[in-house]
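Here's the structure we're looking at; comments come further down.
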Amino acid sequence: MFAPGQNLTRGLNFSGGIFMTTKYDRYQPRKIEPFWRQKWEESGLYRSVIKKDKPKYYALTMLPYPSGDLHIGHWYAMVPSDAQARFMRMQGYNVLFPIGFDAFGLPAENAAIKRNVHPQKWTMDNIERMREQLKSMGAIFDWEREVITCLPGYYKWSQWLFLKFYERGLAYKKLSPVDFCPTCNTTLAREQVWGEDRHCERCETPVVKKELDQWFLKITDYADELLDFSQIDWPERVVSMQKNWIGKSEGAEVTFELPNQEKLTVFTTRPDTLWGVTFMVLAPEHPLVDQITTEEYKEQVKAYQYAASRQSEIERLAVDKEKTGVFTGSYAVNPVNGEKIPVWVADYVMMGYGTGAIMAVPAHDERDFAFARKYNLPIRIVITPDEGLSEPLTAAYTEVENGKMVNSGPFTGVPAAEGKNQVIAWLEEKGLGHKAVNYRLRDWLISRQRYWGTPIPIIYCEKCGTVPVPEKDLPVLLPEDAEFLPTGESPLKHHPAFLHTDCPRCGGPARRETDTMDTFICSSWYQYAYLSPYYEGTGPFDQEEAAYWLPVDLYTGGVEHACMHLIYTRFFTKAMRDLGLVNFDEPMLTLRNQGIILGEDSEKMSKSRGNVVAPDDLVNAYGSDTVRVYLMFGWRWEMGGPWDSRGIEGSYRFLNRVWELLLFPVEGEVKPTAEKTETLQRKLHQTIKRATLDLKEFAFNTYIASLMEFSNLLSKVKPVLWGTEAWQEAAKTFTLLLAPAAPHLAEELWSRLGGEDSVHDQPWPQWDEALVVEQQVEIVVQINGKIKERLVIAVNAAEEEVKEQALALAGIQAALEGKTPRKTIYVPGRLFNIVV
RNA sequence: GCGAGAGUGGCGGAAUUGGCAGACGCGCUAGACUUAGGAUCUAGUGGGCAACCGUAGGGGUUCAAGUCCCCUCUCUCGCACCA
């Protein structure tokens with residue numbers, strides 16, 4: 001037992017006594033928090049270095065963009081991740097929880113054009129501010145591993161990786177119609193074009209198509225492997241979004257003969273419907289259109305193509321728009337039955353998917369059905385359910401499961417589901433087609449016509465053509481003295497010293513690639529950069545560090561990156577594996593997504609709405625620990641929801657109560673009882689168990705709730721147990737349990753309670769299952785499942801004994817009214833149910 | 001249309017995966033202490049006067065259903081003429 005007040009003095013030593021205003025100083029987070037943060041920094045508490053004798057745990061939070069100020073969303077994402085990392089640390093793991101900045105990108109350059117401040121300065125200033133804000137969070141970030149992606153020491157390796165990809169044919173340049181954002185003045189990857197109107201992910205401007213020569217990464221080489229999620233524990237939502245995005249569909253390619261020896265290959269997932277093809281459709285951009293269109297139809301086909309090309313440049317049309325098309329005048333021959341079928345051009349067929357041409361089976365495809373109806377094309381049924389179909393059809397019959405092939409030559413009578421494969425085999429045998437797989441996934445367009453990004457390390461020589469920059473010449477530095485003008489063109493294009501160079505191969509005059517890389521390149525491998533920031537060895541990172549820390553054990557961040565960053569980084573890891581840089585298949589073993597904190601008005605936070613919650617203000621008002629606790633307590637983490645400015649008061653009150661509870665002594669004599677001691681001990685072990693399991697499961701809200709419950713019990717028993725051994729043990733253990741959530745407060749309490757070293761270096765408490773179990777329990781006594789009475793009984797009471805006591809209860813006697821129980825059910829510790 | 005997820009008090013949310021619905025907190029009500037309280041403490045708080053009724057709605061399985069099965073409705077997110 002320690003004398004009240006004694007430990008208060010110890011606390012004062014740390015703070016220099018400056019905040020002792022009353023006999024027992026109040027909870028003053030603004031004094032405690034900076035003090036401890038400085039201590040931790042000085043003592044290197046959170047430096048993560050290889051410790052071979054300890055299991056490692058690599059926890060990672062998504063790389064923030066240095067937009068200027070830390071947002072409450074950053075806190076919401078990072079605080080529970082930090083708590084989880086701290087918990088693992090106390091569980092004996094050697095934890096790495098690094099932080100850095102995704103520092104290239106458009107906002108910096110736009111600021112440069114608008115406000116005449118260099119992107120470098122704008123970015124570094126923001127980083128400096130955000131670094132301080134991040135530090136106020138009190139997370140266990142190892143700042144010595146910080147990476148900033150716009151620094152040459154970083155992007156050198158982005159360029160190096162690009163060159164390695166190039167060597168292996170994973171990076172290539174291609175002239176093709178690409179999406180261009182007229183506001184951002186750059187091309188975008190397919191993933192960065194969103195929504196029905198196909199707008200730019202960043203600025204929401206509808207994109208336009210441009211025919212440009214651009215660099216791509218061959219992510220499609222890994223399409224199949226990217227569909228394999230067997231090695232990772234990722235949320236179902238992300239898995240399904242990625243599957244959906246990759247969009248694998250299996251079927252067949254079938255070749256149709258056209259006049260003048262041309263062949264037209266189509267992709268279909270329904271080879272079982274081949275006998276029902278009544279026309280064919282080409283996309284307006286299909287190269288065969290010009291060749292097969294007959295003189296008679298030339299004019300209208302040309303007009304249609306022109307209209308279609310205009311259309312793609314304007315807004316994308318609504319889904320339910322009326323289908324349009326024109327006849328080419330030509331006929332194709334259906335290879336399965338020799339029929340002549342008309343070939344049309346229509347914009348409901350996309351050049352970008354499959355072969356840009358389809359076989360139309362109006363009876364069994366909704367789109368073809370609508371088209372056939374409009375243009376009076378024949379509709380032939382070749383699949384029917386057992387009960388048949390009534391003609392004329394009012395809608396396409398698209399079911400496969402219950403369908404049977406009819407009017408299909410040798411396959412008539414075969415179930416459609418089996419027919420698919422049988423027909424493919426038959427086509428292959430006859431040389432008419434073959435099994436084929438199609439993906440929705442496109443190769444990743446990485447060229448950006450902007451300055452503030454990683455220069456693509458390529459040189460164009462008149463003699464030698466495309467020449468990669470030799471490894472020894474890396475990094476290709478971004479020139480600092482660029483001019484930022486609102487012309488919409490990259491300053492690199494107008495920077496002679498950058499543009500003109502010598503060919504590394506022949507020494508002749510050459511020019512540099514002026515496009516820079518998509519910033520998603522930077523974030524595709526940053527988890528490896530943390531191992532050895534700005535590495536100066538022979539590869540992008542230190543292999544010894546890699547061998548110890550990799551792969552990332554836990555990754556946390558927003559679900560909005562499911563089809564961008566999270567696919568890209570998986571692709572990078574697989575490609576890097578094939579380069580021999582890493583020896584595993586997946587970058588992040590476990591992924592957890594947080595939800596989004598909305599404004600108090602339930603709308604997305606935005607400056608224009610004026611509903612933004614600034615974490616700095618909250619930290620000033622309540623302290624960092626309160627903000628942390630509230631962010632963990634207020635919502636289901638993966639859901640998020642509207643901010644509640646009153647709710648945070650509850651968390652502040654909680655921490656205040658904890659402070660007073662553990663530090664303010666009881667006046668007068670304390671008379672401990674065995675019963676209360678036991679109650680305290682039991683609740684303590686129950687709380688350890690709950691807190692441990694909840695933290696494991698990312699149930700941060702119930703983790704905090706369990707601490708609140710425990711503090712409620714503590715305040716009940718305080719008058720009788722204050723200062724006893726059981727009390728002290730409970731107080732210290734409670735402080736340990738609080739440490740991941742409120743690290744500063746826990747540290748202060750720990751030191752005042754006489755704890756050794758840092759609370760954060762203590763082992764996580766263990767619970768004793770025997771002490772968790774209640775001895776006396778209240779069970780409910782039911783009749784036919786309805787609660788009639790309650791009974792307090794020993795937890796291990798025999799069923800017979802319970803039955804005897806339950807049946808003897810007055811309320812039960814009355815309710816039974818002399819009826820005899822037919823059956824009784826006893827669930828120990830829960831209920832006793834009498835069935836009559 | 002396809003895919004994923006969700007519907008529980010006035011609000012945020014709990015409920016050992018079939019076993020006392022509403023833990024914990026916000027808010028609210030009453031009281032205490034106060035010159036004062038938007039501070040703090042104590043008590044209460046799903047509905048109904050009651051028996052009872054209550055987890056989006058309807059049916060089912062079971063001694064027992066928020067939880068399992070079938071149908072319907074609503075909402076959120078992602079993709080979208082993907083052949």
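Letters go in sequence order (proteins before strands), and every chain restarts at 1. Only this structure's heavy atoms are used, side chains among them; waters, hydrogens and symmetry mates stay out.
Note on A:N656: nothing from the nucleic acid sits closer than 4.0 angstrom, heavy atoms only. Residue contacts shown for A:K716 are absent, as no nucleic acid heavy atom lies under 4.0 Å away. In this structure, A:V349 reaches the bases: a heavy-atom distance under 4.0 Å links it to at least one base atom across the strands shown. Note on A:N244: a base of the nucleic acid sits closer than 4.0 angstrom, heavy atoms only. Backbone-only engagement by A:R636 is indicated by non-hydrogen atom pairs under 4.0 Å involving sugar-phosphate atoms exclusively.
Between the CG atom of A:D601 and the C1' atom of B:rC11 there is a distance of 15 Å, given to the nearest Å. Atom pair A:F633:CZ and B:rC26:P shows a separation of 8 Å (rounding to whole Å applied).
Between the side chain of A:R237 and the base of B:rC77, no donor-acceptor pair under 3.5 Å is found.
Evaluation of the salt bridge (charged side-chain N to carboxylate O under 4.0 Å, His left out) rule for A:K803 yields no partner, not counting sequence neighbours. By the ring-ring contact (aromatic ring centres under 6.0 Å, His included) test, A:Y652 is found to be paired with A:Y622, residues two or more places apart in sequence or in another chain being considered.
When the C1' atom is compared between B:rA56 and B:rG5, the two are found 16 Å apart, to the nearest whole Å. With P as the reference atom, B:rA21 and B:rC2 are 39 Å apart, rounded to whole Å.
Heavy-atom distances under 4.0 Å link RNA chain B to A:F267, A:T268, A:T269 of residues 265-274 of chain A, given in residue order. Sorted by residue number, the members of residues 693-709 of chain A with any non-hydrogen atom under 4.0 Å from RNA chain B read A:N701, A:T702, A:A705, A:M708, A:E709. Within residues 682-689 of chain A, no residue has any heavy atom closer than 4.0 Å to RNA chain B.
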Quiz item: Under a 3.5 Å cutoff on both atom distances, Watson-Crick or G-U, what's the dot-bracket for RNA chain B ([ ] crossing, | other strand)?
Solution: (((((((..(((......[....)))((((((.......))))))((....))..(((((..]....))))))))))))....

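The aromatic rings of A:H199 and A:W194 sit perpendicular to each other, their planes meeting at more than 60°, with 30° as the lower class boundary.
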Quiz prompt | Pair A:D179-A:R190, salt bridge (charged side-chain N to carboxylate O under 4.0 Å, His left out): steps then yes or no | solution = CA-CA 7 Å; A:D179 296 311; A:R190 175 67 190 86; 5.4 Å; no

